[in-house]
Amino acid sequence: HCLFLTESLRDLQHGAETSRSVTELVSARVERQPEPVRRIIQAGALLGPEFAFSVAADAADLAPVDALASIADAIDADLMHETTTPERFRFTHQLEPEANVAAMGRQERALAHARCAEALDTAGAAATEVARHRLGAVPLVSLDRAVAEARSAAASEVEAAQFDRAIRLLARVLEVGLQTRARAEVLLAIGQATVDRGNCGEGVKFFEEAADLARRNGWPDLFA
């Protein structure tokens, strides 16, 4: 892999041991940074390959001046780059945020998601983005609350004809261990959004799974 090869050569030039995977390689580079830098990297990783400075600073619980200094250090370490928009920064490679998230423990990841959700909510971000992080923050956020917010946000996106956003969020809801009835309802919602998007054939599989759950559990209203 290009990133793995490039960074392994960089480590060899600095006399460091080579890593066994991209995740291990990125984690090792981040661990060598001061704590404020690690915090801004962790927050940014959950926000995506590119992120807004103010949201990341808030999620990392850093004062703006400290957050900016930390990002400058990350840029010097070739972990982040500036963008054409002064308010936004991005990681040097799209695998970097994925590797950082993969390296987090479950509790650490839940706490970081909770902070991102609050920071995005304060910044007036889209409800789907806030809901995605609420789901990641379980159990710090109750599962019922996170699922309810996500389903409400998805319904709003469907009304606005933003079907892809709704489907992505509902697919994430399916990953959190729903009760059977709720799972069937979410499958039905994904199927309907997929049909509304114009992919009738693709929506059938969601309808069939929802119908099977309804049939086996005796829910004639949902089956209909």
Side-chain angles (χ1 to χ4, degrees), residues 1 44-52 55-56 59 83-85 87-91 93-102 109 113 116-138 141-224:
H1 190 280
L46 286 174
L47 293 170
E50 185 178 314
F51 56 89
V55 175
T83 71
T84 55
T85 304
E87 224 296 290
R88 300 186 68 82
F89 296 87
R90 64 180 176 86
F91 286 91
H93 195 283
Q94 63 180 3
L95 283 180
E96 286 190 16
E98 295 177 17
N100 276 297
V101 173
R109 188 161 53 246
H113 271 299
C116 285
E118 292 304 319
L120 286 165
D121 198 15
T122 300
T128 47
E129 283 299 298
V130 177
R132 181 173 67 86
H133 288 286
R134 293 257 199 261
L135 289 167
V138 175
V141 175
S142 74
L143 180 60
D144 288 345
R145 175 193 172 188
V147 169
E149 285 191 20
R151 292 180 66 177
S152 175
S156 296
E157 293 291 8
V158 168
E159 290 179 5
Q162 297 294 327
F163 303 117
D164 287 337
R165 290 183 185 177
I167 292 168
R168 283 196 299 270
L169 182 57
L170 291 171
R172 176 69 184 88
V173 173
L174 289 180
E175 299 173 1
V176 299
L178 297 172
Q179 296 293 326
T180 307
R181 172 81 189 203
R183 180 176 180 81
E185 291 172 349
V186 171
L187 285 166
L188 185 61
I190 294 176
Q192 187 61 60
T194 303
V195 170
D196 291 342
R197 187 179 59 181
N199 299 98
C200 296
E202 188 179 338
V204 169
K205 63 182 179 181
F206 299 105
F207 289 137
E208 287 182 338
E209 186 177 348
D212 184 55
L213 290 173
R215 184 188 300 110
R216 286 191 281 115
N217 289 278
W219 298 321
D221 59 321
L222 188 59
F223 181 76

Trace of the salt bridge (charged side-chain N to carboxylate O under 4.0 Å, His left out) decision for Glu118 with Arg134
CA-CA 9 Å; Glu118 292 304 319; Arg134 293 257 199 261; 2.9 Å; yes
Are any of the side-chain heavy atoms of Trp219 and Thr180 separated by less than 4.5 Å?
yes
Can you name the closest pair of heavy atoms from Val158 and Ala193 and give their distance?
CG2-CB, 4.2 Å
State, with a plain yes or no, whether a side-chain heavy atom of Leu188 is found less than 4.5 Å away from one of Phe206.
no
Scanning both residues in full, the closest heavy-atom pair of Ala154 with Ala166 reads O-CB, 3.5 Å
Closest approach of Leu135 to Arg172 (non-hydrogen atoms, all atoms of both residues):
CD1-CG, 3.6 Å
Working note: Asp212 + Arg216, criterion salt bridge (charged side-chain N to carboxylate O under 4.0 Å, His left out); need CA distance, chi angles, decisive distance, verdict.
CA-CA 6 Å; Asp212 184 55; Arg216 286 191 281 115; 3.0 Å; yes
Result for side-chain contact (heavy atoms from CB on, under 4.5 Å) between Leu169 and one of Arg151, Arg132, Glu129 points to Arg132
With Phe207 as partner, the option from Thr194, Leu187, Val195 fulfilling side-chain contact (heavy atoms from CB on, under 4.5 Å) is Val195
Nearest-0.5 Å distance, CD1 of residue Ile167 to CD of residue Glu157
11.5 Å
Calculate, to the nearest 0.5 Å, the distance between atoms CZ and OG1 belonging to Phe51 and Thr83 respectively.
9.5 Å
Under a plain distance cut-off of 3.5 Å, with no hydrogens placed, do Glu96 and Asn100 share a side-chain donor-acceptor pair?
no
Taking atom CG of Asn217 and atom CZ of Arg183, what is their separation to the nearest 0.5 Å?
12.5 Å
Between the side chain of Thr128 and the main-chain N/O of Arg165, is any donor-acceptor distance below 3.5 Å?
no
Salt-bridge present (Glu209, Lys205; N to O < 4.0 Å)
no
Any Val186 side-chain heavy atom under 4.5 Å of Ile190 side chain:
yes
Would the distance check show the side chain of Thr85 and the main-chain N or O of Glu87 forming a donor-acceptor pair, the cut-off being under 3.5 Å?
no
Is it the case that atom CD in Gln179 sees more than 12 heavy atoms from other parts of the structure closer than 6.0 Å?
no
Of all heavy-atom pairs linking Pro49 and Pro97, the shortest is CA-CG, 4.0 Å
Could you tell me if the side chain of Leu222 sits less than 4.5 Å from the side chain of Arg181, heavy atoms only?
yes
Side chains of Leu47 and Leu120, heavy atoms from C-beta outward: is any pair under 4.5 Å?
yes
Do Val176 and Val138 come within less than 4.5 Å of each other through their side chains, counting heavy atoms only?
no
Could you tell me which non-hydrogen atom of Leu143 sits nearest to which non-hydrogen atom of Gly177, and how far apart they are?
CD2-O, 4.1 Å
Once you round to the nearest 0.5 Å, how far does CG of Asp196 lie from CD of Glu159?
11.5 Å
Please round to the nearest 0.5 Å and tell me the distance separating atom NE2 of His133 and atom CG of Asp121.
11.5 Å
Over all atoms of both residues, closest heavy-atom pair of Ala59 and Ala119
N-CB, 3.8 Å
